[in-house]
2 protein chains.
Amino acid sequence: MSINVEFINPFLGSLLNVLSTMAQTDANHKPPMLKKTNIARGDVTGIIGMVGNKVKGSLSITFSEAAILDITCNMLGEKITSIDETVTDMVGEITNMVTGGAKRILADAGHDFNMATPTVIAGKNHEIHHHCQGKVIQIPFSSKKGDFFVEVSFEDVV
Amino acid sequence: MSINVEFINPFLGSLLNVLSTMAQTDANHKPPMLKKTNIARGDVTGIIGMVGNKVKGSLSITFSEAAILDITCNMLGEKITSIDETVTDMVGEITNMVTGGAKRILADAGHDFNMATPTVIAGKNHEIHHHCQGKVIQIPFSSKKGDFFVEVSFEDVV
């Protein structure tokens, strides 16, 4: 499977859908782009591995503190002021929901993969590197409160 | 598959093997333990997803800066003074090798899984949370230069 923007759109649509239905958050995004030197940085990141018969890869969603605190407040209806376990749990859950939504759309198009379990990293301004033979596609998002990035990378199973 | 120390030993042995053969680094470790409140923190972390027919999960290896700079120097035979792309590439490769070694041993014992691609996080003193229904098993390591942690978590595929 060649990884192109067509393949990335299900992830983009799934995230917008999760944010609008679960967190009443409208987000703008730039077009998906090839990640070259533009290293995603943020304060909390959800990561999940994906494994199919033909491809394997990883997805990350990296939030600034301001963005994820706003999203978590909207989802839970309570004020959250720092990245605590409630927030890291929420990021794990968002990572699952976004990837699960994209998985269903891609399966309908004949691209099957299974999902591993998410891991969540919290720490001020960390960087994310996908260690993958394939291209890394990055989608920069912004909401009223802050920025976040989705990155997806796949390589062929050999 | 119930996740117990017996299941974790292949990951432990595989890491010790990679370190001693590739980096001439002997490391001590404490016994594997259930992660409860003991949150792993470090400066660079390799994460990989694992997916089998019966289980799915994630592995993380989290290094202090001092530990990974020493290991990378030993592996490459050149002095490295900060966590740069050489180091994050090395952490991705170590994550692949350790998980690949454990995968072979576990497959021989009838526990099959496939590996996703690794993601590497760099950032001072970040925390790692495995978002998994199953228990998280943590193994604390120490080398002459610094500490590192392996964490493995699996849950049943439903």
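The figures here come from the full heavy-atom set of this structure, side chains too, leaving out hydrogens, waters and symmetry mates. Here the structure is a predicted model, which is why all the values come from computation and not from measurement. Every chain is numbered from 1 and lettered A, B, ... according to where its sequence line falls, protein lines coming before strand lines.
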From CD1 (A/Ile47) to CD1 (B/Ile48), nearest 0.5 Å: 11.5 Å
Is it true that, when you exclude A/Asp108 itself, more than 12 heavy atoms of the residues, nucleotides or ligands shown sit nearer than 6.0 Å to its CG? yes
Please tell me whether B/Val150 and B/Phe63 are part of a single hydrophobic cluster in this structure, the criterion being side-chain heavy atoms less than 4.5 Å apart. yes
Winner by heavy-atom pair count (cut-off under 4.5 Å) against chain A, out of B/Ser60, B/Gly57, B/Gly49: B/Gly57
Decide whether B/Leu34 and B/Val55 are clustered together by the hydrophobic rule: side chain heavy atoms of Ile, Leu, Val, Met, Phe, Trp, Tyr closer than 4.5 Å, transitively. yes
As an exercise: rank A/Arg41, A/Lys56, A/His130 by heavy-atom pairs under 4.5 Å with chain B and give me the winner. A/Lys56
Largest heavy-atom contact set with chain A, pairs under 4.5 Å, which of B/Ser58, B/Pro118, B/Gly52: B/Pro118
Side chain, backbone, both or neither of B/Ile121 within contact of chain A (heavy atoms, under 4.5 Å): both
ILVMFWY network linking B/Ile68 to B/Leu19, side-chain heavy atoms under 4.5 angstrom: yes
Given the options A/Thr119, A/Thr88, A/Asp89, A/Thr117, B/His131 meets side chain to side chain contact (heavy atoms under 4.5 Å, CB included) only with A/Asp89
Any idea which of B/Met50, B/Glu127, B/Glu85, B/Lys124 has the most non-hydrogen atom pairs under 4.5 angstrom with chain A? B/Glu127
Using the rule that two of Ile, Leu, Val, Met, Phe, Trp, Tyr join whenever any of their side-chain heavy atoms come within less than 4.5 Å, decide whether A/Val152 and B/Val51 are in one cluster. no
Name the member of B/Gly123, B/Gly92, B/Gly46 that forms the most heavy-atom pairs with chain A at distances under 4.5 Å. B/Gly92
With hydrophobic residues grouped by side-chain heavy-atom distances under 4.5 Å, do B/Phe11 and B/Ile128 end up in a single group? no
Might you confirm whether atom CE of B/Met22 has over 12 heavy atoms from other residues, nucleotides or ligands at distances under 6.0 Å? no
Does any backbone or side-chain atom of B/Glu93 lie under 4.5 Å from a heavy atom of chain A? Answer side chain, backbone, both or neither. both
